[in-house]
Colleague: 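Structure incoming, see below.
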There are 4 protein chains.
Amino acid sequence: MSLTDETRTQSGQPARLTRAQRREHFLDVAAALVAEGGFEAVTMESVAARAGVSKGLGYAYFDNRGELLAALFERETGEMDRPATTAADREETFEGKVRATVGVVFDVVSQKGPLLARLLRAEAEGPVDERRRKRQRVIEQRWARLIAEEFGVDEATSRAAAAVMLSSIPRVIELWATGKGSREELTETYTRMCTAAARDLGETG
Amino acid sequence: MSLTDETRTQSGQPARLTRAQRREHFLDVAAALVAEGGFEAVTMESVAARAGVSKGLGYAYFDNRGELLAALFERETGEMDRPATTAADREETFEGKVRATVGVVFDVVSQKGPLLARLLRAEAEGPVDERRRKRQRVIEQRWARLIAEEFGVDEATSRAAAAVMLSSIPRVIELWATGKGSREELTETYTRMCTAAARDLGETG
Amino acid sequence: MSLTDETRTQSGQPARLTRAQRREHFLDVAAALVAEGGFEAVTMESVAARAGVSKGLGYAYFDNRGELLAALFERETGEMDRPATTAADREETFEGKVRATVGVVFDVVSQKGPLLARLLRAEAEGPVDERRRKRQRVIEQRWARLIAEEFGVDEATSRAAAAVMLSSIPRVIELWATGKGSREELTETYTRMCTAAARDLGETG
Amino acid sequence: MSLTDETRTQSGQPARLTRAQRREHFLDVAAALVAEGGFEAVTMESVAARAGVSKGLGYAYFDNRGELLAALFERETGEMDRPATTAADREETFEGKVRATVGVVFDVVSQKGPLLARLLRAEAEGPVDERRRKRQRVIEQRWARLIAEEFGVDEATSRAAAAVMLSSIPRVIELWATGKGSREELTETYTRMCTAAARDLGETG
DNA sequence: AATGAATGAGGGTTCATTCAT
DNA sequence: CATGAATGAACCCTCATTCAT
């Protein structure tokens, strides 16, 4: 977020950034706006204003508002999902993987604040929703496979269970963010709930 | 939905409704619009047009767009939450109550179609979000009490558990709506997950 | 053009016009703008500004810019084509009809100034072009029939001849408007050219 | 059109062109764009993009967009008007000259496709319109002189007649382009119409 | 000679909201 | 109670043009 607000040279001219820098800058600004006011607050105009740049410049970097939002979604979720996957891969058990995943999510959210909650929950505008659905599918499949393998749950059930478990993560984060529990307590509770649920589905199912 | 579209007398005049009827009519129309196109589709103009009434009339019944939406939210969630509570109250066990609640939700969603899904998920405009938060608090507290009492889970944990469980319900409905499982399978899976999780939290916690 | 520019009451408020009046007013303003600067000069914004009315009001009367332009085209060409047809119908010979038509065109153009020339010539935006093509087809067919009947010209040739003749009318008007000839001289020359051409095509063809 | 698209050396560098070559290349690209989408499609940006060159470079060769379009107009109409004049000069009679001119127009249009039609008809932006008027004046004078000399028509009338005749040529081309007649039929009809008209004006006038 | 980042103005369109009638 | 004309602000998007490098 080093470039978020002021990007002006001493001469008062807006800084002339390279293409990649400006693009990141736009995404930084958009992230801040989502964090503050949700998707609605992200306007090509509001982004430009906050970036200290002229109205039309955003269109040199993103085809339209939807694509800007989609790019933001991909950047931010990627920064969470990659380390989460890595951390989970290091663990042997489902319980360990759940705990590791939640741990990474807490880490990322600690930095990103309300941004991710909004990114994941908001009623989505077209292009973002597409990305969201794709991401959801990918992650749910991974969890479903783990559940099926470790607990012997049949495929259909394990897919539903994965969906149910994952859909709660934003709420867990929200509980933490609003002071309804410590990170450790919430991690423990959520992990145990998932593990117990998966084990139970495997026993009788 | 009895008044949704045609509210004209045989003389072609707009029907003369009582204040309360007119208000309900507005909400009926708004409900239909949310079901079709989400919150965004609810415009003071679109509502008036569909209600067969002049543009400014809505303001005689609702302070502004936000309040119209909030009133809709309260009416619709109330029509789900009251029967859900009643049904749950008739059951003895947590498992029974979960199953009963989910059953009512499926029933209502079957009738109301996409309306409720949208009402519960959408990125909320201010006044709606207020109501949403309040409703969430009330319902979570009820579930938390049940969990605490039946499984001997401490208060903080049972509140987190209730929040986690409830946050998944929209996803369960979505799975059903998108054909990812039958009503029976999903009810069973979800109920077992909740019950197993609660039981586990009670054992060690 | 009585309403063209100032439509304000003594109190300084913009006049509150009936729907039909306001619509006509918009078309009057658009006509003036086309006359001055061609199609490009007609902007929803420029029209509103000249009409002394807020930017968005035009959209309460026309779906979009294209439809405003199309409505203008229909109104203006209709005011020329209806009397032209009537006048032509009163004449017996092709020569008489040509003369009568050109006479009406001159009459209308005298009032409307450069408006019609621009309306008929401009590279058309979609919706206008549609109307233009339709009008052209109708009028050419009428002339073609006359030529075929009076001079015994075969159908294909008479259709081409009608198209050729009619395509020159805007230029005739332009010659007059730029002082390259009197109304009488130009009418006489054009009428004789058409008649001689038609007769010739009938003789050998 | 030899340079239209690919102007890169094997090394992938943009080809190093002489100033004159680069200018021609810009005009080639602009011509292609007009042919495809009319004047509106010619953007300093679209031209640069298609030419494989940076956005600002056009301004090193043309003062502004209007001058680029004007240069295109002059180049393209010149390539039609010079052979047309040559061909007409080889003929003795007015009839022959008309036929020869129309022949060249057909030839050029066959190659250039929709480009010329658009160039000649489009609602003109300032600088282009200037050139168009000048060209019109020159060509009309030449035809007027022919009519005056061969048929003994007085000067004013022959100027009007020339204007009338020439204004139909784009329509003749359009008839052909839209399949409303063969090249031979249309040439014959148009030529006879012009000749008969001129002869008639000479007789009584 | 050439690049490409950036501006700034204009124009299309939608809506919540107000208010004269 | 009800209408519907009108406002005004916000947004989306495109482009001619400039200018630092």
Side-chain angles (χ1 to χ4, degrees), chain A residues 7 9 11 13-19 21-23 40 42-48 51-66 68, chain B residues 13-14 16-19 22 40 42-49 53-66 68 125, chain C residues 9 11 13-19 21-23 40-49 51-66 68, chain D residues 13-14 16-19 22 40 42-49 53-66 68:
Chain A
T7 345
T9 62
S11 62
Q13 302 295 315
R16 219 181 161 80
L17 304 183
T18 66
R19 200 170 168 77
Q21 284 173 328
R22 181 61 78 194
R23 197 186 134 95
E40 294 178 82
V42 179
T43 287
M44 292 308 272
E45 221 160 323
S46 66
V47 172
V53 118
S54 74
K55 229 172 110 181
L57 188 56
Y59 292 94
Y61 295 88
F62 305 95
D63 280 354
N64 52 49
R65 180 178 176 259
L68 164 58
Chain B
Q13 301 297 314
R16 193 85 191 176
L17 304 180
T18 67
R19 201 174 162 77
R22 178 75 81 195
E40 295 176 77
V42 179
T43 304
M44 292 308 272
E45 203 166 335
S46 65
V47 172
V53 117
S54 77
K55 215 154 73 176
L57 190 56
Y59 289 93
Y61 295 86
F62 304 94
D63 280 355
N64 52 49
R65 180 174 177 263
L68 164 58
E125 346 252 321
Chain C
T9 61
S11 61
Q13 302 296 314
R16 221 181 159 81
L17 303 184
T18 66
R19 201 171 167 76
Q21 284 173 328
R22 182 60 79 194
R23 198 186 134 96
E40 292 177 82
V42 179
T43 284
M44 292 308 271
E45 215 161 332
S46 66
V47 172
V53 118
S54 73
K55 223 174 123 185
L57 188 57
Y59 291 93
Y61 295 86
F62 305 95
D63 279 355
N64 52 49
R65 180 176 177 261
L68 163 59
Chain D
Q13 301 297 314
R16 193 85 191 176
L17 304 180
T18 67
R19 198 171 165 80
R22 178 73 81 195
E40 294 176 77
V42 179
T43 304
M44 292 308 272
E45 204 167 336
S46 65
V47 173
V53 117
S54 76
K55 216 157 67 177
L57 190 56
Y59 290 92
Y61 294 86
F62 304 94
D63 280 355
N64 52 48
R65 180 174 177 262
L68 163 59

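Only this structure's heavy atoms are used, side chains among them; waters, hydrogens and symmetry mates stay out. Every chain is numbered from 1, with letters handed out A, B, ... down the list of sequences.
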Colleague: Checking base pairs now: Watson-Crick or wobble, both atom distances under 3.5 Å. What partners dT21(F)?
Modeller: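 Per the H-bond distance test, dA2(E).
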Colleague: Between Arg65(D) and Val42(D), what is the shortest heavy-atom contact and its length?
Modeller: NE-O, 2.8 Å
Colleague: Within less than 4.0 Å of OP1 or OP2 of dA6(F), is there a side-chain N or O belonging to Arg22(C)?
Modeller: yes
Colleague: Using a cut-off of strictly less than 4.0 Å, decide whether Tyr59(A) has a side-chain nitrogen or oxygen near OP1 or OP2 of dT14(F).
Modeller: no
Colleague: Want to settle it: does Tyr61(A) or Thr43(C) sit nearer the 5' end of DNA chain E, counting the closest nucleotide to each?
Modeller: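 Its nearest nucleotide lies further toward 5', so the answer is Tyr61(A).
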Colleague: Mind listing the closest non-hydrogen atom pair of Ala48(C) and Lys55(C) along with its distance?
Modeller: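 That would be CB-CA, 3.9 Å.
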Colleague: If you assign Glu45(C) and Arg19(A) each to the DNA chain E nucleotide with the nearest heavy atom, which residue ends up on the more 5' nucleotide?
Modeller: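 Between the two, 5'-proximity favours Arg19(A).
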Colleague: Both Gly56(B) and Gly66(A) contact DNA chain F. Taking the nearest nucleotide for each, which residue is further toward the 5' end?
Modeller: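 Result: Gly56(B).
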Colleague: Would you indicate whether the side-chain heavy atoms of Met44(B) and Leu68(B) approach each other to under 4.5 Å?
Modeller: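 Side chain of Leu68(B) against side chain of Met44(B), heavy atoms only: contact under 4.5 Å found.
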Colleague: So, is Arg65(C) close to the dG12(E) phosphate, meaning a side-chain N or O under 4.0 Å from OP1 or OP2?
Modeller: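 Yes.
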Colleague: Take the protein atom CD of Glu40(D) and the nucleotide atom P of dG12(E), then report the distance between them rounded to whole Å.
Modeller: 12 Å
Colleague: Taking all heavy atoms of Arg22(A) and all of Ala51(A), pick out the closest pair and write down the distance.
Modeller: NH1-O, 4.3 Å
Colleague: Expressed as a whole number of angstroms, how long is the span from Met44(A):CE to dG8(E):P?
Modeller: 17 Å
Colleague: From NZ of Lys55(B) over to P of dT17(E), roughly how many Å is that when rounded to an integer?
Modeller: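 Answer to the nearest Å: 13 Å.
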Colleague: Quick one: which of dT3(F), dC12(F), dT17(E) gets closest to the side chain of Leu57(B)?
Modeller: dT3(F)
Colleague: Just the rounded figure in Å: distance from C1' of dG4(E) to CG of Leu17(A).
Modeller: 13 Å
Colleague: Whole angstrom is fine here: how far is it from CZ in Arg16(A) over to C1' in dT7(E)?
Modeller: 11 Å
Colleague: Do any side-chain nitrogens or oxygens of Ser54(B) fall under 4.0 Å of OP1 or OP2 in dG4(F)?
Modeller: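 Answer no for this pair, as no side-chain N or O of Ser54(B) is under 4.0 Å from OP1 or OP2.
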Colleague: Answer yes or no: is there a donor N or O on one side and an acceptor on the other, between the side chain of Thr18(A) and the main chain of Gln21(A), under 3.5 Å?
Modeller: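 Yes.
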